[in-house]
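Labels below follow one simple rule: chain letters A, B, ... track the order of the sequence lines, proteins then strands, and each chain is numbered from 1.
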Amino acid sequence: MIRRPRGTRDFDPEEMRKRRHVESIMRDIVERWGYEEVLTPTFEHIELFTIKSGEEIRNEMYGFIDKGGRELALRPELTAPVIRMYVESMEKKPKPLRLYYFGNCFRYERPQKGRFREFWQFGVELIGGSEVYANAEAIALAHTILSTVGLECPVRLSHLDVMNKLLSQLSEEQQRKVLRQIDKKETNIDVEEPLLSSIRSLLSPMEPHEAIEVASDIAPCEGLKTLSELVELLECYGVPYQIDFSIVRGLEYYTGIVFEMYAEGLGAENQVCGGGSYSLSELFGGESIESCGFGIGFDRVMEICKLEPPTRTKLVVVNAGAYDYAVMVSKLLREQGGNFSVELDVMERKLREQLERANTIGAKYAIVVGERERKEKLVSLRDMETGEQTKLSIDELVKFVRNL
RNA sequence: GCCGGGAUAGGGUAGUGGUUAUCCUUUGGCCCUGUGGAGGCCAAGAGCCGAGUUCGAAUCUCGGUCCCGGCCCCA
């Protein structure tokens, strides 16, 4: 038997109903905020992803060479492709540009809970806003999306200036190492006093305003001003947040404000959203422009989201020996456009078996049509729960299903 | 790449170094030619792959694959 590749998944109808439901909620929200959808190719030139992240990341990508000798890769994320698209064909659009995407991404990594080799990301890019206001919008939007689908995750905020300033005395290599240790929440950080104490006090849990105050003493920088402005805007939106200077994302393309959101119940992979300010367009040959955005790990949201998708009422037209009449009735019902489905036998089943079928699929009503009904220009509507059966005219039937 | 736990019909399971691998569910057929849910009968469908040990392996051993969880990583 041929099975699906490692780290990939099949989604059965029940899962797809849930996924599409959550997806449509997310789309609905961002579109209400004025974001418009874009779609980029599933694969890109591998350079698009290595240009900022270094060659090492090739190991985590699905890369290949096509027949023309081009080095390509399945996209491991969507921010770079969207910005590439912006540079390639949208640079002269009126600013700000509000774009959103929903797409599958691929990473060659060890699968575990909430982590797959093919996974879906839902995200937005807000191109050309001023840093503080644009990030405030992005954060509020991300928070709205997650709480609407039932996830209460407070936002954790930081500004990369702070740690950069604090560690500026160290060599680049040391900075990398220390940032990594901070990111991993390690208790042993490889630096001398008094820097160590400074880092420790910056990382200790504090109220937002206190955190900013403490940081101003230890590592005064522009970023802190930005951060305190952002905090005020978030108050306007009523978004709950914490300041957490351990958020580094330093190995990515982020440049200023950064934020993350975490959820319970996901094991080691509990980050459901991450984002911030970045600067990519000039790397792809465009003009530099302030941008920010976030990505939501759609699969992780689905893992803990309890939303029940709406169900469609099932109707079964039972053909009791009058196929043409049954088709006519089915067609008519389907044209009504209500929230129901209409199924008609394709297995040449007897009346009894068609009713059994209606029963096993959980149909709400069976509509029995045969010669008798045709002669009377009626149908027999059978309630599959109570067993009650009544005769209706076609007009009455139409009126009836419209209310489903 | 590393560590631990797994893998028996479509789904869920039992058991054993030894005839034809258990049960539930599911699916198809019939009892039942214009009325479902119950019941009865019949049928279909399985030990992840490969090698080794053995008279004999689904069972024991090793390797691989895949799944689950953790580490590394997470642009």
Side-chain angles (χ1 to χ4, degrees), chain A residues 1-10 12 14 44 46-61 63 73-81 83 105-117 119 121 176 180 183-184 186 247-254 258 260 266-272 274-276 278 280 283 295 297 300 303 314 316-322 325-326 345 347-375 379-391:
Chain A
M1 190 182 32
I2 298 173
R3 290 189 293 179
R4 63 178 183 269
R6 180 172 165 80
T8 63
R9 291 157 297 161
D10 297 315
D12 64 19
E14 195 183 341
E44 297 269 2
I46 201 165
E47 189 191 6
L48 178 68
F49 306 110
T50 56
I51 195 168
K52 68 168 194 300
S53 319
E55 294 294 311
E56 323 86 67
I57 66 147
R58 280 172 186 264
N59 299 327
E60 273 101 58
M61 277 198 280
L74 299 182
R75 59 188 178 205
E77 51 114 7
L78 279 159
T79 296
I83 297 306
C105 300
F106 306 83
R107 294 185 190 180
Y108 193 91
E109 296 180 297
R110 178 76 169 77
Q112 54 182 276
K113 188 178 177 64
R115 185 151 144 191
F116 306 93
R117 289 184 169 179
F119 58 97
Q121 283 206 333
R176 256 171 190 275
R180 177 163 299 189
D183 188 33
K184 279 155 50 180
E186 284 183 16
I247 294 174
V248 169
R249 301 186 84 84
L251 308 174
E252 303 183 19
Y253 37 71
Y254 291 101
V258 287
E260 298 180 341
L266 279 168
E269 302 292 334
N270 60 349
Q271 191 189 321
V272 293
Y278 57 82
L280 276 176
L283 279 182
R300 294 181 186 176
E303 195 103 0
K314 290 180 178 173
V316 171
V317 171
V318 173
N319 169 22
Y325 190 43
D345 171 62
M347 289 180 78
E348 303 182 60
R349 279 174 158 153
K350 299 170 209 163
L351 185 146
R352 172 190 298 279
E353 296 169 320
Q354 293 182 53
L355 281 170
E356 271 174 24
R357 162 71 183 180
N359 190 56
T360 56
I361 67 167
K364 191 108 181 357
Y365 298 99
I367 294 141
V368 182
V369 294
E371 288 306 331
R372 291 179 206 164
E373 284 82 2
R374 187 197 343 234
K375 276 182 195 137
V379 301
S380 295
L381 178 72
R382 183 178 183 82
D383 185 318
M384 292 301 289
E385 272 163 46
T386 66
E388 275 175 53
Q389 193 164 313
T390 50
K391 291 211 168 173

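At least one cation-pi condition fails for R117(A) and F106(A): the charged atom is not both under 6.0 angstrom from the six-membered ring centre and inside a 45 degree cone around its axis.
Between Q112(A) and G69(B) there is no side-chain polar atom (N or O) within less than 4.0 angstrom of OP1 or OP2. Proximity of R6(A) to the phosphate of C67(B): a side-chain N or O atom is located under 4.0 Å from OP1 or OP2.
Remark: the R115(A) side chain and the C73(B) base include a donor-acceptor N/O pair separated by less than 3.5 Å. For R110(A) against G69(B), a side-chain N or O and a base N or O form a donor-acceptor pair under 3.5 Å. A donor and an acceptor atom sit less than 3.5 Å apart, one in the side chain of R382(A) and one in the base of U35(B). Judged by distance alone with a 3.5 Å cut-off, a donor-acceptor contact links the side chain of Q389(A) to the base of U35(B). The base of G37(B) is not paired with the side chain of E385(A) by any donor and acceptor separated by under 3.5 Å.
Across all strands shown, G114(A) has no heavy atoms under 4.0 Å from either base or sugar-phosphate atoms. G387(A) comes within contact range of at least one nucleobase, with a heavy-atom separation under 4.0 Å. Counting non-hydrogen atoms under 4.0 angstrom, N319(A) reaches nothing in the nucleic acid.
In this entry the distance linking CZ of R372(A) with C1' of U33(B) reads 12 Å, nearest Å. Rounded to an integer number of Å, the gap from R9(A) CZ to C67(B) C1' is 13 Å. For the pair E348(A) CD and G29(B) C1', the computed distance is 15 Å after rounding to whole Å. At whole-Å resolution of the value, CZ in R357(A) and C1' in G34(B) are 20 Å apart. Following rounding to the nearest Å, L355(A) (CG) and G36(B) (C1') show an atom-to-atom distance of 5 Å.
Rounded to whole Å, the C1' atom of U53(B) lies 11 Å from the corresponding atom of G17(B). Going from the C1' atom of G45(B) to that of G28(B) covers 11 Å, rounded to whole Å. As rounded to the nearest Å, G5(B) and A9(B) have P atoms that lie 22 Å from one another. One C1' atom belongs to G4(B), the other to U16(B), and the distance between them is 27 Å to the nearest Å. Between the C1' atoms of U19(B) and C62(B), the separation comes to 30 Å (whole Å). Comparing the P positions of G6(B) and A75(B) gives an interatomic distance of 34 Å, to the nearest angstrom. For the C1' atoms, the distance from A14(B) to U25(B) is 15 Å, rounded to whole Å. For U26(B) and G12(B), the P atoms lie 15 Å apart once the distance is rounded to whole Å.
Among the nucleotides C30(B), G34(B), G36(B), the one closest to the side chain of K350(A) is C30(B). The nucleotide whose nearest atom lies closest to any side-chain atom of E353(A) is, among G70(B), A75(B), C30(B), C30(B). Distances were taken from every side-chain heavy atom of V368(A) (C-beta onward) to each of G34(B), C74(B), G36(B); the shortest belongs to G34(B). Which of G34(B), A75(B), G36(B) sits closest to the side chain of A320(A) comes down to G34(B). Side-chain proximity of Y253(A) to the nucleotides A75(B), C74(B), G36(B) is greatest for A75(B).
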(request) Can you run through RNA chain B from 5' to 3' and write each base as (, ), [, ], | or . depending on how it pairs? Watson-Crick or G-U wobble, both distances under 3.5 Å. (result) (((((((..(((.....[....)))((((((.......))))))...(((((..]....))))))))))))....
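Look at R374(A) and E371(A) and you find a salt bridge, because one of the NZ, NE, NH1 or NH2 atoms lies within 4.0 Å of a carboxylate O, short of that distance. Salt bridge present: R4(A) and D10(A) bring a charged side-chain N and a carboxylate O closer than 4.0 Å.
For the pair Q354(A) (side chain) and N319(A) (backbone), a donor-acceptor distance under 3.5 Å is present.
Mapping E371(A) and P5(A) onto RNA chain B via the closest heavy atom, the residue that lands nearer the 5' end is E371(A). Taking the nucleotide of RNA chain B with the nearest heavy atom to each of R349(A) and A363(A), the more 5' of the two is matched to R349(A).
Nearest heavy atom pair, residue A363(A) against residue V316(A), reads CB-CG2, 3.8 Å. Across every non-hydrogen atom of L351(A) and V318(A), the tightest pair is CG-CG1, 4.0 Å. Taking each heavy atom of R382(A) and L355(A) in turn, the nearest pair found is CD-CD2, 4.0 Å. Nearest heavy atom pair, residue E77(A) against residue Q121(A), reads CA-OE1, 4.3 Å.
Residue-environment remark: CD (Q389(A)) exceeds the threshold of 12 foreign heavy atoms within 6.0 Å.
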